[in-house]
**Q** 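Following this message is one structure expressed as structure tokens.
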Amino acid sequence: MSKENVSSQEDSQPDRRDFIKGASCAIGAAIGAVPMAAGVRVVLDPLTRQSETEGAAEFIRLTDVSDLSEGEPMKFAIVEDKKDKWSRYKDVPVGAVYLLKTATQEESETSISVIAYNTVCPHLGCFVDYREKEQDFFCPCHDSNFDLNGKLVKGVSPRAMDTLEVDEEKLKAGEVWVKFQRFKGNTKEKIAL
Ligand code: FES
């Protein structure tokens, strides 16, 4: 084997190690993100999901509106297929979303809406827990509290929880499709990455 080949293999090894390390961290983070509080339902059901388009920010089908409980945030894992030079990795956890269904009565009609939050804290990126007893979202890293509307109640987060776009047309048809995005941490403005 030539010196050049050896060198090229050596150069490529860190890439692979970095990817595997990254994937392991993502899996660990997703598992760590599973809240311990009772009443929080976590759904890890990638097989039933469908994505509508290819690309970085795409709408992903998470559930049916009828499967959400009114006023109770539910957490959904976001998974993606990854690949590197050697392998394909199916359903790698890359994040999570809270969905909160609310109903408002307008004259004789009930209008249903769904708010979607990225579970990542806008401060420095820890995972935010839903606390059923306190009826809030709580970031344990630096003790920031957010109400169920995502508004900062107390703490150091520079902004409210990051909401995600929900497809309103699909919602009318009874399905929840969310555009999953990540945002820059520790800025007042919400800046999509
Ligand atoms: S990371 Fe959430 S408050 Fe600091």
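In listed order, ligands and their atoms are each counted from 1. In this text, all values refer to a predicted model and were calculated from it rather than measured experimentally.
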**Q** Have a look at His123 and say which of its N, O or S atoms is nearest atom 4 (Fe) of ligand 1.
**A** ND1

**Q** Can we say Asp136 and Lys133 salt-bridge, meaning some charged N sits less than 4.0 Å from an Asp/Glu carboxylate O?
**A** no

**Q** When you measure from atom 4 (Fe) of ligand 1 to the N, O or S atoms of Cys121, does any of those distances fall below 2.8 Å?
**A** no

**Q** Look at the rings of Phe137 and Tyr98 and say which category their plane angle falls in: under 30° parallel, 30 to 60° tilted, over 60° perpendicular.
**A** tilted

**Q** May I ask you to list the atoms of ligand 1 that are less than 4.0 angstrom from any heavy atom of Leu124?
**A** 1 (S)

**Q** Tell me the closest heavy-atom pair linking Lys184 and Leu193, and the distance in Å.
**A** N-CG, 3.7 Å

**Q** Scan Leu152, Val153, Val128 and name whichever one has a side-chain contact (heavy atoms from CB on, under 4.5 Å) with Ser144.
**A** Leu152

**Q** Among Pro158, Ser144, Gly155, Gly185, which one puts a heavy atom closest to atom 3 (S) of ligand 1?
**A** Ser144

**Q** Please determine, by modelled atom types, if Glu72 and Tyr130 share a side-chain donor-acceptor pair under 3.5 angstrom.
**A** no

**Q** Both conditions, 6.0 Å and 45 degrees, for the charged tip of Lys190 above the ring of Phe183: are they met here?
**A** yes

**Q** Taking only heavy atoms of Cys139 into account, list the atoms of ligand 1 that are under 4.0 Å away from them.
**A** 1 (S), 2 (Fe), 3 (S)

**Q** Is any N, O or S atom of Cys126 under 2.8 Å away from atom 4 (Fe) of ligand 1?
**A** no

**Q** Looking only at N, O or S atoms, which one in His142 sits nearest to atom 4 (Fe) of ligand 1?
**A** ND1

